[in-house]
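Each remark here refers to the structure printed beneath this line.
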Amino acid sequence: MTTVVPTSEDDPALAVVRFTSELAWADAGPEVAEPQVTRLCMEAQECIVMGRWLDLASLMLTSADLVFSKVSDKDLECIFTVICNLASKLENLDEFEVAKLVSTKITQQPNDKPALRLKILFNLYNLLGSPDSRFFVYMQALNLALNGKVVDHIIPSFKKIDFFLKEWNIGVKDQRNLFLTIANVLKESKSSGKDSFKFLTKYLATFSGEDSYIISEAKEEAVRSVIEFVKAPDMFQCDLLDIPAVAQLEKDSKYALVYQLLKIFLTQKLDAYLEFQAANSTLMKSYGLVHEDCITKMRLISLVDLGLNESGQIPYALIKDTLRINDDEVELWVVKAITAKLMDCKMDQMNQVVIVSRCSEHIFGPHQWLSLRSKLETWRGNVASLISTIQANKVIEVGIPAGQGTTIR
């Protein structure tokens, strides 16, 4: 039985088809243009009557693509709002197909009005109800921002990634794709080094528990994470050594030296780095590592290691020898470590020692957990002893009769 669906030129979809087709055929002259416009409008009307929303979306997109450069940004946004609204008429599977069709068309020319294209994708995302459709469109938006070099427009959304992940409920492979793409977007911005490294680490962590063949897929990104950590002047702590995707580099014939470099920066001091650099200067240069910058970072790391291992007091002479600096540079490097929030300490110039109250760990593994547990138990004992003393003093005060207190004369 045929269902009659009334349509008119007031229908937004038909209005868009007429508007875009007239612009597309404007240069052909009225004799050619009018039949074509009429044909397209009739085809669109048939799609509406038959409920062929995917075909209607394809028809509208073809016309809209032809006039993308001929209309204002405001008109384009209105046109694509009507097109995107078609997705709201559909159930999950058909909605996904329309969302895929629209977003794929939008991202085909990322360098042509990329910010506007990204805004259209955001509008589409907000109209969708299916988590699968939303995730697909978001990934398209990420790639558009990256290829169109408008990453600053999408970076604010990264604050809600944890919320998005719960909403999308995506599998491990999709998570890998998401985290790696976000890391690439943040790297492109050149102002979010730590955030880029964080998402790259999240990507690598998704390979935990996989077999060696699957883990090997992350080898290049594992190397990238090591180099990014070594290069970063403001990163001194990471968990890369505990990640299987990074650990595989240790026995890799091509990348074993990269893993060795990471171990030096996380577990050793300046002398180990200098020995490594002397033997592998070509390798260092091939990864864009600047020797002077690495020395600066290793000196700070070495100073912190001294603070962790010298029972709270570091002689100036030991700092001078470990960091390979002059006598008059010792306090300068201590100040640098304090400024970088790597340690809290005081300089006793009279006795030529640095008194350390806190140092940051480079890695936080089983040894650090045991140390923290020991400190917490000590603090707990001290607090319990203090509480007992206070309670005992209260009992004594309550037990002294009025007028029999000690008088000071």
Side-chain angles (χ1 to χ4, degrees), residues 1-130 132-134 136-137 140-141 144 147-148:
M1 181 177 178
T2 303
T3 302
V4 178
V5 180
T7 62
S8 71
E9 284 296 334
D10 292 333
D11 189 294
L14 288 179
V16 165
V17 170
R18 178 168 292 280
F19 176 73
T20 55
S21 58
E22 285 177 349
L23 279 177
W25 289 93
D27 297 335
E31 292 184 358
V32 176
E34 287 181 10
Q36 293 295 336
V37 171
T38 301
R39 176 184 63 82
L40 290 169
C41 288
M42 290 181 65
E43 186 176 340
Q45 191 168 19
E46 182 181 347
C47 289
I48 295 173
V49 171
M50 301 298 293
R52 291 163 34 211
W53 305 114
L54 188 60
D55 291 339
L56 178 60
S58 179
L59 174 64
M60 295 173 72
L61 284 168
T62 300
S63 297
D65 192 44
L66 292 172
V67 301
F68 210 93
S69 60
K70 296 183 179 181
V71 299
S72 68
D73 289 358
K74 185 177 180 180
D75 285 341
L76 274 175
E77 188 175 350
C78 290
I79 290 169
F80 277 96
T81 297
V82 174
I83 298 173
C84 293
N85 262 314
L86 294 177
S88 64
K89 299 177 180 290
L90 306 170
E91 298 298 328
N92 288 355
L93 183 60
D94 292 331
E95 178 194 86
F96 179 82
E97 292 301 323
V98 171
K100 182 178 178 181
L101 183 67
V102 174
S103 57
T104 301
K105 176 65 73 172
I106 289 294
T107 55
Q108 281 181 349
Q109 299 183 49
N111 296 316
D112 180 16
K113 300 182 179 180
L116 175 61
R117 291 176 183 268
L118 195 59
K119 186 176 182 181
I120 292 170
L121 285 181
F122 287 153
N123 292 339
L124 174 61
Y125 181 95
N126 291 327
L127 288 167
L128 299 173
S130 164
D132 291 341
S133 301
R134 286 191 156 203
F136 181 86
V137 171
Q140 293 286 88
L144 174 63
N147 297 329

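For reference, positions follow the sequence shown, starting with 1.
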Distance from [X] atom [atom1] to [Y] atom [atom2], nearest 0.5 Å?
X: Leu56; Y: Met50; atom1: CG; atom2: CE; value: 13.5 Å
X: Asn85; Y: Trp53; atom1: CG; atom2: CH2; value: 11.0 Å
X: Lys70; Y: Leu23; atom1: NZ; atom2: CG; value: 7.0 Å
X: Glu22; Y: Glu34; atom1: CD; atom2: CD; value: 9.0 Å
X: Leu116; Y: Leu76; atom1: CG; atom2: CG; value: 6.0 Å
X: Leu121; Y: Lys119; atom1: CG; atom2: NZ; value: 13.0 Å

Side chain proximity check, [X] to [Y], heavy atoms < 4.5 angstrom:
X: Phe136; Y: Asp132; value: no
X: Glu43; Y: Leu59; value: yes
X: Ile120; Y: Ile83; value: no
X: Ile79; Y: Phe19; value: yes
X: Glu77; Y: Thr81; value: yes
X: Glu46; Y: Arg52; value: yes

* Asked: Taking Met60 as the fixed residue, which of Val17, Asp55, Leu40 is the one that meets the side chain to side chain contact (heavy atoms under 4.5 Å, CB included) rule?
  -> Val17

* To do: Could you go through the side chain to side chain contact (heavy atoms under 4.5 Å, CB included) check for Phe96 and Ser130 one step at a time?
  => CA-CA 8 Å; Phe96 179 82; Ser130 164; 5.6 Å; no

Which atom names give the shortest non-hydrogen contact between [X] and [Y], and what distance separates them?
X: Ser133; Y: Glu95; result: OG-OE1, 3.1 Å
X: Thr107; Y: Thr104; result: OG1-O, 3.2 Å
X: Ala99; Y: Leu124; result: O-CD2, 4.0 Å
X: Asn126; Y: Arg134; result: O-NH2, 3.7 Å
X: Ser21; Y: Val37; result: OG-CG1, 3.6 Å
X: Ala141; Y: Leu118; result: O-CD1, 3.4 Å

* To do: Please check if atom NZ in Lys113 has more than 12 non-hydrogen atoms from other residues, nucleotides or ligands closer than 6.0 Å.
  => yes

* Between Arg117 and Asp112, is there a donor-acceptor pair closer than 3.5 Å when you use the side chain of the first and the backbone of the second? -> yes

* Leu14/Arg18 under side chain to side chain contact (heavy atoms under 4.5 Å, CB included): CA gap, chis, key distance, verdict -> CA-CA 6 Å; Leu14 288 179; Arg18 178 168 292 280; over 6 Å; no

* **By side-chain contact (heavy atoms from CB on, under 4.5 Å) - contacts of Leu101 (at least two apart)** => Leu54, Ala57, Ser58, Leu61

